[in-house]
Amino acid sequence: MSVAPTIIPTSRSKSIGNLYESVRARTLEIVAPLEIEDYVIQTAEFMSPPRWHIGHTSWFFETVLRKFQPGYKTYSEDFLFYFNSYYEGFGPRIERPKRGTRSRPTVAETKRYRAHIDERMTRFIQNLAHRDDREEILSVVRLGLEHEMQHQELLVYDIKHLLCDQFDAPLKPLPPSIEAVSGMAEIEGGLFELGYDATGKETEAFAWDNEKPQHKVFLEDFQIDRAPVSVGDYLEFMNDGGYRDFRWWHSAGWEKVNQEKWEAPLYWELHDGEWLIRDFGGLHRPIEKSNEPVSHVSFLEASAYAKWAGKRLPTEAEWEKAATLSSARNSKQVFPWGDTEPDEGKGNLFENGLWSVAPIGAFPEGGSVGGCQQMIGDVWEWTTSDYAPYPGFKSDFDEYNDKWFVGQKVLRGGSFATPRTHIRSTYRNFFYPHERWMIAGFRCAK
Ligand SMILES: [Fe+2]
């Protein structure tokens, strides 16, 4: 990424103001097709009712106003309780599994709360110019917007769990596959600079604390799949009895297979002995989807497939190296295709408007130097790496990323529900190994 000239604080306030407006508007666009009843239902302990997301993302900005706006009066103590997620530092809260057990605050009250916070926040951002703590505030507002983009993606997962094809998503037609993608890229090992390089970046550049600091790791030579594992590939594993053979599974995976009676990824349904896949577009035969990345698989299933295929999952350093390899030896680029931002031709992200994975080979422009495709967008990709702090990690914000450094696995690359402005090759997403309501798939390494 080129280094932009120093941006004067007033223009940074203005651009944060614009970003605030567009991000906040998109959350409401996502939920626009919902009916009132849809907003309050919780269909599983791991999901949250849409009303909660609408309020919680506003609650986040209310904590900013409460801290930095002199004389700000709390909107409602009850809302503080209902809309806090997991922040001990912000007081007591309703437990996540119980978010769907209340009908109050109502959807209309929640939307009024949201409008109130927006009105206050817009004025607050406009009047920062003369404050000494302006930079600190702008950073927290930016954090709030990145937080909201994470919730936009969670909203897509949760609405899918709630309604799936009953949701009237504004689906655009899937792009065709332009290029056959096969085989594995051979990547040379050696020292690799893992993580986000914060030096020399313009002040507007954003990365989470967990992507920093950039540091050296040593990699052996490795191979990585050019394409994500497809529905067709995965169906072979299923047809070969993959879910019935303990040899492919970690102990925790085999336990889940037996306990939860897993026989297929989430959203696959057995109809008269035939597997069908339900998504926002309806019910499909796997044959129609055989060239699309498989999704809604857990780390445990991805690992079992990889073992069955005689491969393994990549580490996050291998994944990042494959995604950032530049043709200039030993240098690193921001995205697989270079340093320019994602656009419609480079990867399937939220703005593409597909509400679905796209066929493998639909984004040749987004390919990496080694020929890996769809690393950015479509599905988050499981890695074998534990979600842990990088050496030299420094927390930028208490209880945001740092309290989750136990027991989760890292996923890379973003999905069709990730906003374009939110993703980077160094982005570390994390979920528990058994979770699969997220849009997660994988590619293998050797
Ligand atoms: Fe949150």
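Keep in mind that what you see is a predicted model, and the values were worked out from it rather than measured. Every number for a ligand or one of its atoms is a count from 1 in the order of the listing.
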Practice problem: Could I get the full list of salt bridge (Lys or Arg N to Asp or Glu O under 4.0 Å) partners for Asp233, not counting sequence neighbours? | Solution: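 Counting only residues at least two positions away or on another chain, Asp233 forms no salt bridge (Lys or Arg N to Asp or Glu O under 4.0 Å).
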Quiz item: Does NZ or CZ of Arg428 lie under 6.0 Å from the centre of the six-membered ring of Tyr390, at an angle within 45° of the ring axis?
Solution: yes
Quiz item: Taking only residues at least two apart or on different chains, which pairs with a member in residues 163-174 satisfy side chain to side chain donor-acceptor pair (under 3.5 Å)?
Solution: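 Matches after skipping sequence neighbours: Asp165-Arg278.
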Quiz item: Excluding waters, which protein N, O or S atoms are within less than 2.8 Å of the Fe ion (ligand 1)?
Solution: His56 NE2, His147 NE2, His151 NE2
Quiz item: Is the distance between the ring centroids of Phe299 and Phe431 less than 6.0 Å?
Solution: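 Judged by ring-centre distance (under 6.0 Å), Phe299 and Phe431 do not meet the cut-off.
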Practice problem: Would you please say whether a donor-acceptor pair under 3.5 Å links the side chains of Arg226 and Gln373? | Solution: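 Result is no, nothing qualifies.
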Self-check item: Thr74: partners by side-chain hydrogen bond (donor to acceptor under 3.5 Å, both in side chains), with sequence neighbours left out
Solution: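 Testing Thr74 for side-chain hydrogen bond (donor to acceptor under 3.5 Å, both in side chains), a comparison that skips the adjacent residues, returns Arg66.
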